[in-house]
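Data first, discussion second: the structure below is written as structure tokens.
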There are 2 protein chains.
Amino acid sequence: MASDMFEFCSNMTEEQDARARALIERAAAKWPLRILHVLSDAGAPLRFSRLLERVEGISQKVLTQTLRTLENDGLVIRTLYPQVPPRVEYELTPLGRDLLMQVAALWRWIVERLENFDARKAVKLTAAAV
Amino acid sequence: MASDMFEFCSNMTEEQDARARALIERAAAKWPLRILHVLSDAGAPLRFSRLLERVEGISQKVLTQTLRTLENDGLVIRTLYPQVPPRVEYELTPLGRDLLMQVAALWRWIVERLENFDARKAVKLTAAAV
DNA sequence: CCGCATCCTTTTAGATACTG
DNA sequence: CAGTATCTAAAAGGATGCGG
């Protein structure tokens, strides 16, 4: 069984498990992570159009979709200022900042070992062990 | 600018950055994470057909594809025993185990705060702050 | 037994045009 | 400005049959 690295998820309902898996998957996915990163770097609320500029390569549609999901997950706050033309600002919630810190730790761990992630390394180690 | 949570990725080439992003995304993705989890739980090499049974809901095609990617990333080792019928076993590499531990830490962090990931919580906090 | 090749369906994303 | 609507392209996934 290996020492139980996943003991923490033994007392969960299927629904909770699915929710946690969805959250971890989304937090590490391309667009959500870039958006959270940009909002964190900005350190202040950003308008929709600023995000569209700074999140390189994202389309308007995908930006909208992803922001909705991040909002539903409680990671960003959307504030509408009812003006003409309208102004909408997005900012990280405390939870969003905390989650990003956790993901950043994993990211950093990977970056520090980047050269090890290569099939050839694994083959060499196996050969050496035999 | 916010205190620099991402200082570690400032001295990277675009290629390295892309590689790191791909790795973090894959490590947290549905099928790779389930496969790594099953291999970790097993604590021993598993045959292809055992994986197909234990990774609930995966198709043969996707299992093959995902295992190839995990192999290329140096996270699992594939061992072919040239018998008739053939026998193929998969096991975690040390790097695969270590990466899974890092992801498990993030996963656990999320599970422990599962109830906070909800837009209503964020709204309440905002309202309270105003 | 393992897994590739093919075909088909579903999902996801990009481009463009349009509205309050 | 901040979206929505529509269409198309691309990617992911399932089903099935074949081959070493």
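We name chains A, B, ... by the order of the sequence lines, and we start the count at 1 in each one.
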Is any side-chain heavy atom of Leu106(A) closer than 4.5 Å to one of Leu99(B)?
yes
Should Leu80(B) and Leu39(B) be regarded as members of a common hydrophobic cluster, given that ILVMFWY residues are connected when their side-chain heavy atoms come within less than 4.5 Å of each other, either directly or indirectly?
yes
Can you check whether Arg87(A) has a side-chain N or O nearer than 4.0 Å to OP1 or OP2 of dA2(D)?
no
If you compare all heavy atoms of Val55(B) against all heavy atoms of Ile35(B), which two are closest, and at what distance to 0.1 Å?
CG2-CG1, 4.0 Å
Rounded distance (Å) that lies between atom P of dG3(D) and atom CG of Leu67(A)
8 Å
Phosphate OP1/OP2 of dC1(D) contacted by Tyr90(A) side-chain N/O (<4.0 Å)
no
So does Arg47(A) get a side-chain nitrogen or oxygen closer than 4.0 Å to the phosphate oxygens (OP1/OP2) of dA2(D)?
yes
Side-chain contact test, heavy atoms from C-beta onward, threshold under 4.5 Å: evaluate it for Tyr90(B) versus Leu70(B) and give yes or no.
no
Scan nucleotides 4-18 of chain C nucleotide by nucleotide, 5' to 3', and note B when protein non-hydrogen atoms come under 4.0 Å of the base, S if they reach only the sugar-phosphate, - if neither.
B--------BBB-B-
Could you tell me how far apart Arg50(B) (CZ) and dG3(C) (P) are, to the nearest whole angstrom?
13 Å
Does atom CD of Gln83(A) have more than 12 heavy-atom neighbours from other groups under 6.0 Å away?
yes
CG of Leu63(A) to CZ of Arg54(A): how many Å apart, nearest 0.5 Å?
13.0 Å
To the nearest 10°, let me know how far the axis at one end of the helix from dC1(C)-dG20(D) to dG20(C)-dC1(D) is tilted from the axis at the other, five pairs an end.
40°
Over how many whole Å does the gap from Leu80(A) atom CG to dG20(C) atom P extend?
16 Å
Nucleotide of dC1(C), dC1(D), dG3(C) approaching Val88(B) most closely (side-chain heavy atoms)
dG3(C)
Does Met101(A) CE have over 12 foreign heavy atoms under 6.0 Å away?
no
Could you give me the CA-CA distance, side-chain angles and deciding distance for Arg19(B) and Glu15(B), then say whether salt bridge (Lys or Arg N to Asp or Glu O under 4.0 Å) is met?
CA-CA 6 Å; Arg19(B) 178 112 178 95; Glu15(B) 195 184 337; over 6 Å; no
